[in-house]
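Structure record follows, encoded as structure tokens.
Keep in mind that what you see is a predicted model, and the values were worked out from it rather than measured. Side chains included, hydrogens not; waters and symmetry mates left out as well; all remaining heavy atoms used.
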Amino acid sequence: MNRKRLYLLGTVLLLGFAAFSLSSFSSSITPYVSFDEARAATRMVQVAGGLEKASSRYDDDAGNLHFTLLDPEGRGRIPVRYQGLKPANFEDAVSIVAIGRYDRAGEEFVADQLLVKCPSKYQGTEVKKYT
């Protein structure tokens, strides 16, 4: 009888740990979404696109980088504000991933993180630049 209770207790603890792990993991996932989905999202998301030429400006006093991302499929654009230092070679970026939330009041995507992919010196003509 004690052995059955131990198995039952072990099973309950294992299921509880699995449920806790799953809920913690799913809440920390930041999905890639389209620009329209980012505007509607209430949680942190990732949007990817190309830098619109001549759209970036850096405010030294506030430490804000403002720029516009272009949809990779050419279906739109989204203004982005990033609080932090401007990444090196930002203007040469092939693609940019902004991780954050859409601010409906300011009508811009507020990025907590930026992932910038610059062209490699080993890449050839297959690199597509956004216009």
I'd like to know if the side chain of Q83 reaches the main chain of V110, judged simply by a donor and an acceptor atom lying under 3.5 Å from each other, with no hydrogens or angles considered.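 Side chain of Q83 to backbone of V110, a donor-acceptor pair under 3.5 Å: no, none is there.
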Whether the side chain of R104 engages the backbone of R39 through a donor-acceptor N/O pair (distance < 3.5 Å, no angle test) should be reported.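 Yes.
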Please enumerate all residues that pass ring pair (Phe, Tyr, Trp, His ring centres under 6.0 Å) together with F35, with sequence neighbours excluded.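 Expected list: none.
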Checking Y82 now: which residues fulfil ring pair (Phe, Tyr, Trp, His ring centres under 6.0 Å) with it, not counting sequence neighbours?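 In terms of ring pair (Phe, Tyr, Trp, His ring centres under 6.0 Å), with neighbours along the sequence ignored, Y82 is linked to no residue.
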Quick check: is Y58 connected to L51 through a chain of hydrophobic side chains (ILVMFWY, heavy atoms under 4.5 Å apart)?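 Yes; tracing contacts between hydrophobic side chains, which count when under 4.5 Å, links both residues.
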Path from L70 to I99 over hydrophobic side-chain contacts below 4.5 Å: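 Each belongs to a different hydrophobic cluster.
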Got [X] and [Y] here, is their nearest side-chain heavy-atom distance under 4.5 Å?
X: L69; Y: F109; value: no
X: V80; Y: V47; value: no
X: E37; Y: V45; value: no

Is it the case that atom CG in L85 sees more than 12 heavy atoms from other parts of the structure closer than 6.0 Å?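 Count not over threshold, so no.
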Could you tell me which non-hydrogen atom of A48 sits nearest to which non-hydrogen atom of P72, and how far apart they are?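 So the two residues come closest at O-CD, 3.5 Å.
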F67-F90 aromatic ring centre distance below 6.0 Å: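 Between F90 and F67, which both carry aromatic rings, the centre distance is below 6.0 Å.
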